Amino acid sequence: MENGWTIHRFDQLDSTNSWLKDRAGGKPHKTAVVADFQTAGRGRLGRQWVAPPGTALMVSLLLKPNWAVERGAWLTMIAGLAAAETLSQTSGLNIQLKWPNDVVIEQDGVLHKMGGILQEAETNDGRLTQAIMGIGLNINMGPADLPPATHTPACSLKSITGDTFDRDDLLQQLLNGFGTHYAQAEQNQSPQHAWQDTLVTLGKRVTATIMRDGNPSHQIIGMATGVDEWGRLLIQTDSGKIEPVVAGDVTLRKDS
Ligand code: BTN
C-alpha cells in the first residue's frame, strides 16, 4: 500500500485497463496498475494507444465509488485535473485539458496532445459501482517515438523540454493528486471550477456533433462558455440559447 493505493507494477501487459477489468471483482477500491509497455493499449473511440517501452506513464485506477451514475463524469474530471497538475508542477509548463479528456499543451497557437483518459465504468440500478480510469501520458519519448498525428499532433514532456523525467515520481504525484480531488468529491464538491480553469476549449467557437447509437445525429455550433457541475460543456448558440452537451455523446471540433 502506497499513499492509500494498492499498486501493481508490470514490465508488460496487453492493456492495464483490460488487466484490471478482468480482475476488478477481487481488487480493492483504489487499486492502481502500471505497465512499462502495453501490447494492446486502448484509447477512446476504439483507437489504439501506442508507446515504446519505458517511455510513457500508463496507469489504470480502480474505483468503487457507489455514487449516482451522473457523477461518473467527475472521475474523468478528477483524472484530468490530477494529470494536468502533475505534469505542470513537474515541468513548469502550462499543461491543460481539452474537453472532455485530452491532456494538451498549446505551442505557437497549435494544440499538441500529451495524454488522454479512458474511463470504463459499470453501473447497477443507477449507481456507479465500479470505474476503471486509464491514464496514458507521453513522458520520455523523443520526437521520433511519438505516435503519428491524428487531428491533434502528439508531444511528450521530453519532446518539449528536452529533459527526461522519473515516471515513478510522476505516478506518486498523480495518485496523490487524484486522491485529494477524490476526497473532495466524496464530500459532494464537484471538481467543476478547478477543471474549468484548466480547459483550453472555453471561449472558443466549437462544433459539437451529437451522436445517437454511434451515428451522427445533429450539430450544435456556438461558443463554448463553460461547464456545469456534471462536466457538460455549455455551448451558447448564435440564437443565445445555452446547450449543455455530454462528453459521451459528442465529437467536438474547434472551428478555425
Ligand atoms: C485516449 O486519449 O484515447 C485515451 C488513452 C488512454 C490510454 C491509457 S494507457 C493506460 C490505460 N490502458 C489502456 O489500454 N489505455 C489506458
Side-chain angles (χ1 to χ4, degrees), residues 5 7-24 27 30-63 72-73 75-84 86-87 95-105 111-122 130-141 145-157 165 167-168 170-171 173-175 178 195 198-201 211 231 247-254:
W5 293 86
I7 306 182
H8 301 271
R9 292 181 169 82
F10 293 92
D11 291 338
Q12 178 175 319
L13 281 181
D14 53 351
S15 148
T16 53
N17 263 44
S18 303
W19 188 91
L20 202 43
K21 208 168 168 182
D22 291 345
R23 292 159 183 81
K27 300 286 176 202
K30 290 182 100 177
T31 296
V33 183
V34 199
D36 264 351
F37 181 58
Q38 295 185 132
T39 55
R42 295 188 282 113
R44 290 178 64 232
L45 309 171
R47 299 193 185 114
Q48 285 183 311
W49 178 267
V50 185
T55 59
L57 175 55
M58 295 175 289
V59 57
S60 297
L61 310 179
L62 173 66
L63 290 314
L75 292 175
T76 295
M77 297 157 84
I78 288 169
L81 265 178
T86 296
L87 296 173
I95 311 289
Q96 294 178 288
L97 298 171
K98 174 170 166 271
W99 184 91
N101 44 14
D102 281 350
V103 179
V104 296
I105 181 165
L111 277 191
H112 289 70
K113 178 163 168 167
M114 196 176 279
I117 295 157
L118 173 67
Q119 176 181 136
E120 297 185 297
E122 284 189 12
Q130 170 187 308
I132 295 171
M133 305 304 302
I135 304 171
L137 302 174
N138 296 339
I139 308 299
N140 291 330
M141 353 358 209
D145 299 326
L146 291 167
T150 47
H151 45 286
T152 311
C155 70
S156 70
L157 270 192
F165 294 84
R167 286 172 304 134
D168 205 53
L170 291 169
L171 173 68
Q173 276 190 58
L174 181 74
L175 295 180
F178 190 99
W195 192 61
T198 68
L199 287 179
V200 277
T201 317
M211 311 292 281
D249 304 334
V250 348
T251 60
L252 191 71
R253 180 168 68 77
K254 193 184 98 183

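Values reported hereafter were calculated over all heavy atoms of this structure, with side chains retained and with hydrogens, waters and symmetry mates removed. Whatever order the structure lists ligands and atoms in, that order sets their numbers, starting from 1. None of these values were measured; they are calculated from a predicted model.
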Can any side-chain N or O of Asp11 pair as donor or acceptor with the backbone N or O of Asp36 at less than 3.5 Å?
no
side-chain hydrogen bond (donor to acceptor under 3.5 Å, both in side chains) filter on Arg42, not counting sequence neighbours, yields Ser18, Glu120
Applying side-chain contact (heavy atoms from CB on, under 4.5 Å) to Thr76 and not counting sequence neighbours gives Asn101, Gln119, Met133
Tabulate distances under 3.5 Å between N/O atoms of ligand 1 and N/O atoms of the protein, writing both atom names on each line.
{"from": "ligand 1", "atom 1": "2 (O)", "to": "Lys113", "atom 2": "NZ", "distance (Å)": "2.6"}
{"from": "ligand 1", "atom 1": "3 (O)", "to": "Arg44", "atom 2": "N", "distance (Å)": "2.7"}
{"from": "ligand 1", "atom 1": "12 (N)", "to": "Thr16", "atom 2": "OG1", "distance (Å)": "2.9"}
{"from": "ligand 1", "atom 1": "12 (N)", "to": "Gln38", "atom 2": "OE1", "distance (Å)": "2.9"}
{"from": "ligand 1", "atom 1": "14 (O)", "to": "Ser15", "atom 2": "OG", "distance (Å)": "2.7"}
{"from": "ligand 1", "atom 1": "14 (O)", "to": "Arg42", "atom 2": "N", "distance (Å)": "2.8"}
{"from": "ligand 1", "atom 1": "15 (N)", "to": "Arg42", "atom 2": "O", "distance (Å)": "2.7"}

Please check: side-chain N/O of Trp19 versus main-chain N/O of Val33, any donor-acceptor pairing under 3.5 Å? no
Contacts table for residues 56-63: side-chain donor-acceptor under 3.5 angstrom, sequence neighbours left out:
{"from": "Ser60", "atom 1": "OG", "to": "Thr16", "atom 2": "OG1", "distance (Å)": "2.7"}
{"from": "Ser60", "atom 1": "OG", "to": "Asn17", "atom 2": "N", "distance (Å)": "3.0"}
{"from": "Ser60", "atom 1": "OG", "to": "Asn17", "atom 2": "OD1", "distance (Å)": "2.5"}

Value for CG (Leu87) from CD (Gln96), rounded to nearest 0.5 Å, stands at 12.5 Å
